[in-house]
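Take a look at the structure below.
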Amino acid sequence: MNQSQTSEDPSFLEAARREKLQRLVDLGHDPFGQRFDDRESIGAIRDRVHQIRFVSPDGCRHHLPDPLVPEAFRGWLESQGAGELVGPQVRAAGRIMLHRDKGKLHFIDIEDWTGRIQLFVGKAQLGEQDWQLVECLDLGDLIGVDGELRLTKTGELSIFARRLHFLTKSIEPPPAKHQGLVDPELRQRQRYVDLAYNEGVRDRFLARSRIVQSIRRTLADDGFVEIEGPTLHSIAGGAAARPFTTHHNALDLSLFMRIALELHLKRLMVGGMERVFELGRVYRNEGISPRHNPEFTMLEVYQAYGDYRSMMDLTERLIVDAIVTLGKGFVLPWGDVTIDFTPPFARRTYDELFGEQTGVDPQDAVAIRSLAESIGLETAGKHPDVVKSEVFEERVEEALIGPIFVTDYPASICPLTKRKRERPEVAERFELFVRGMELANAYTELNDPDLQERLFRTQLEGMPEEDSMARMDHDFVRALRHGMPPAGGLGIGIDRLVMLLTNSSTIRDVILFPLLRPETA
RNA sequence: GGAGGCGUAGCUCAGUCGGCAGAGCAACGGACUUUUAAUCCGUAGGUCCCGGGUUCGAGUCCCGGCGCCUUCACCA
């Protein structure tokens, strides 16, 4: 507009809203509102449509047609002749999403997290006092309303407003009313706007909440104890990942953010917590991708006197219960295909799948090596099982539509897992795959302290100097020396589970506030 | 980290061959008491991501930077 309109000045649109805010103050309203008791959710109010009656001149009360279709309702109402609709008095509150101004009559759609409803706001019905308030309303404001629940002539369920209550002014203009925010960066940075104005976002995060609740319930019903382990570790153990570093000032101590929950849960099994789990955040200082966020939510469960097969049963139950909780059936959409979670999930061994998908004998190291070379994998100097595992990742995993449990991995690629007693070359481990994505990982846990210590040492050898934060966790070995029961252990990536169950193609759609670079000024 | 794409009004997006910066929604003023993305008349709104360069002239072409997205790599 002019030179003085710099970024320090209120924007043009904001100025209009602040002007209305001042008018509200002048009219004696609090632009940021007060406690508002006794309202019903809009969803509950919509359910009261059945209480609306048509009252004919003789005083007879008639039910409305069922089903209540707007077009049919219009004809029905005309056929009734004289009379009027009578409905219950209701009180609602919500955000203004649409505003149709017809002069002395306004139609205002308000929304809360249970739904949306139209307000019929007429000057004659409302009175002069509250009508002045109508002229101070903007899209995005929060208002309360008292009125009668009825239908308009065109059959739209509406609250016919008798009183309005101003609850909160929105100084910022909302995004385009039908598209909402489109720019994925803004949707993540300003998740509050995304949640308030974009369809389906709230449902996705409410689904996440229900999934997590369901998991806790299933575990609690099974006698598992939930604990909260430390997130600040002096040794970042339990996984092979680069940790975030931090520092405690008073102790002058370098610390790491945890990269896994495992080692403390196992200590607790030594202490007698036979069934224990933690559902919490872990932090890995690694790349960001549609499947990776630097902080993510992990479930780890340990069950004394069980093994990886106990964890397979539990994994299936956790997922099945969560899906039942969502109430959308077992066949869920995923992109332009579907995933069928109907139990039981398939259970196949690593070697079976390897043979089927590659056509190569899983025991024939020479044939596997030549297959690996034929698909361009580097094989020089690699252990045959490592080559096999790379071929598996390259050729088999993507074919695992699933859900499918892959069991009995080569022991050499999972050193911290117990081996089958009768077949020491096979590790008691499974991974659950769904559409090529690893969703869960479980082991029969190693509880031999001497073997554990030896494997730690082997793992640390040959590790580059900059990874020297990977240190021997002597206290953990000491714990094992006191005796940890044989046990099954399970890890589930909660974010990925939520992705699959809510048809989200990126992890950033199921994390409310994913890590972003700070906003530039 | 590599490759590709994108960045224009509060929001969603056009912008041709390098030639006056555009639309819809939102906003402001006006009309309308049964609308459904209401409609109609009028007004205002711009650091074209940032910095250089080429050119008489750059939103457009070139170079560098920043951010986001996609993909690959990394990732028990």
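Predicted model only: the values in this text are computed from it and were never measured. Within every chain, numbering begins at 1; the chains are lettered A, B, ... in the order of the sequence lines, protein sequences first and strands thereafter.
A/Arg508 has no side-chain polar atom (N or O) that falls below the 4.0 Å cut-off from OP1 or OP2 of B/C68. For the pair A/Lys104 and B/U34, the criterion of a side-chain N or O lying under 4.0 Å from OP1 or OP2 is not met. Residue A/Gln118 places none of its side-chain N or O atoms closer than 4.0 Å to OP1 or OP2 of B/U34. The phosphate of B/A26 (OP1 or OP2) has a side-chain N or O of A/Lys177 nearer than 4.0 angstrom. When the side-chain nitrogen and oxygen atoms of A/Arg100 are compared with OP1 and OP2 of B/A38, one or more of them lie within a distance under 4.0 Å.
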* To do: Give the intermediate values and the outcome of ring-ring contact (aromatic ring centres under 6.0 Å, His included) for residues A/Phe120 and A/Phe107.
  => CA-CA 5 Å; A/Phe120 181 108; A/Phe107 294 94; 5.5 Å; yes
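If you run salt bridge (charged side-chain N to carboxylate O under 4.0 Å, His left out) between A/Asp138 and each of A/Arg23, A/Arg18, A/Lys20, only A/Lys20 comes through.
With C1' as the reference atom, B/C49 and B/C69 are 15 Å apart, rounded to whole Å. Here the separation of B/U16 from B/G7, taken at their P atoms, is 12 Å to the nearest Å. Of the P atoms belonging to B/G22 and B/A37, the separation is 31 Å, rounded to the nearest Å. For B/U71 and B/A26, the C1' atoms lie 36 Å apart once the distance is rounded to whole Å. Annotation: B/U70 and B/G59 have their C1' atoms spaced 25 Å apart (nearest Å). Nucleotides B/A58 and B/C48 place their P atoms 13 Å apart, quoted to the nearest Å. Comparing B/C6 with B/C63, their P atoms are spaced 14 Å from each other, to the whole Å. The same atom, C1', is picked in B/A14 and in B/G46; the two are 15 Å apart, to the nearest Å.
When heavy atoms are screened at a 4.0 angstrom cut-off, A/Gly491 is found touching no nucleic acid atom at all. Using a 4.0 Å heavy-atom criterion, one finds that A/Ala241 contacts no nucleic acid atom at all. Within the 4.0 angstrom heavy-atom criterion, base atoms lie near A/Ala124. Using a 4.0 Å heavy-atom distance criterion, A/Pro290 is classed as a sugar-phosphate-only contact.
What separates CZ of A/Arg291 from C1' of B/U71 is a distance of 11 Å, to the nearest Å. A straight line from CD1 of A/Ile288 to P of B/C72 spans 17 Å, rounded to a whole angstrom. Rounding to whole angstrom units, CD1 of residue A/Ile96 and P of B/C25 are separated by 20 Å. If you measure from atom CZ of A/Phe107 to atom P of B/A38, you get 11 Å, rounded to the nearest angstrom. Rounded to whole Å, the distance from NE2 on A/His99 to P on B/C25 is 16 Å. The separation between A/His106 atom NE2 and B/A31 atom P is 11 Å, rounded to whole Å. Taking atom CD on A/Glu295 and atom P on B/C75, their separation rounds to 22 Å, with Å as the unit. A straight line from CG of A/Asp109 to P of B/U35 spans 14 Å, rounded to a whole angstrom.
Of the nucleotides present, B/A23 is the one that pairs with B/U12 by Watson-Crick or G-U wobble criteria, both distances under 3.5 Å. The nucleotide B/A58 finds no pairing partner, because no Watson-Crick or G-U wobble arrangement with both distances shorter than 3.5 Å includes it. When Watson-Crick and G-U wobble pairs are counted only if both distances are under 3.5 Å, B/C28 pairs with B/G42. Pairing partner, B/U47: none, since no Watson-Crick or wobble contact has both distances short of 3.5 Å. In this structure B/C68 sits in a base pair with B/G5, meeting the Watson-Crick or G-U test at under 3.5 Å. Of the nucleotides present, none pairs with B/U34 by Watson-Crick or G-U wobble criteria with both distances under 3.5 Å.
Checked for salt-bridge contact, A/Arg187 and A/Asp194 meet the test: a charged N lies under 4.0 Å from a carboxylate O. A salt bridge does not link A/Lys418 to A/Glu428: none of the charged side-chain nitrogens sits closer than 4.0 Å to a carboxylate oxygen. A salt bridge links A/Arg100 with A/Asp109: the distance from a Lys NZ or Arg NE/NH1/NH2 to an Asp or Glu carboxylate oxygen falls below 4.0 Å.
For A/Leu186, the listed nucleotide lying nearest its side chain is B/C11; candidates were B/U34, B/C11, B/G67. Closest to the side chain of A/Leu13, out of B/G10, B/C13, B/A76, is B/G10. The A/Leu139 side chain lies nearest to B/A26 when the options are B/A26, B/U12, B/C32. If you check B/U34, B/G10, B/A27 against the side chain of A/Pro173, the one that comes closest is B/G10. Picking from B/G67, B/C28, B/U33 the nucleotide with the shortest atom distance to the side chain of A/Phe120 gives B/U33. Checking B/A76, B/C11, B/U33 against the side-chain heavy atoms of A/Ala176 singles out B/C11 as nearest. For A/Glu286, whose side chain is taken as the heavy atoms from C-beta onward, the closest listed nucleotide among B/C75, B/U34, B/C11 is B/C75. Comparing atom distances between the A/Asp101 side chain and each of B/C32, B/C11, B/U34 picks out B/C32 as nearest. Relative to the side chain of A/Ser158, the nucleotides B/U35, B/C75, B/U33 differ in distance, and B/U35 lies closest. Checked against B/A76, B/U33, B/C68, the side chain of A/Arg429 finds its nearest nucleotide in B/A76.
Under a cutoff of 6.0 Å and an axis angle of 45°, A/Arg429 and A/Tyr409 form a cation-pi pair.
At least one side-chain heavy atom of A/Leu318 sits under 4.5 Å from a side-chain heavy atom of A/Leu490. Contact check for A/Gln125 versus A/Lys104: no side-chain heavy atoms found under the 4.5 Å cut-off.
Comparing A/Glu156 and A/Pro174 against RNA chain B, the residue whose closest nucleotide sits nearer the 5' end is A/Pro174.
The backbone N or O of A/Tyr308 lies less than 3.5 Å from a partner atom in the side chain of A/Thr444, making a donor-acceptor pair.
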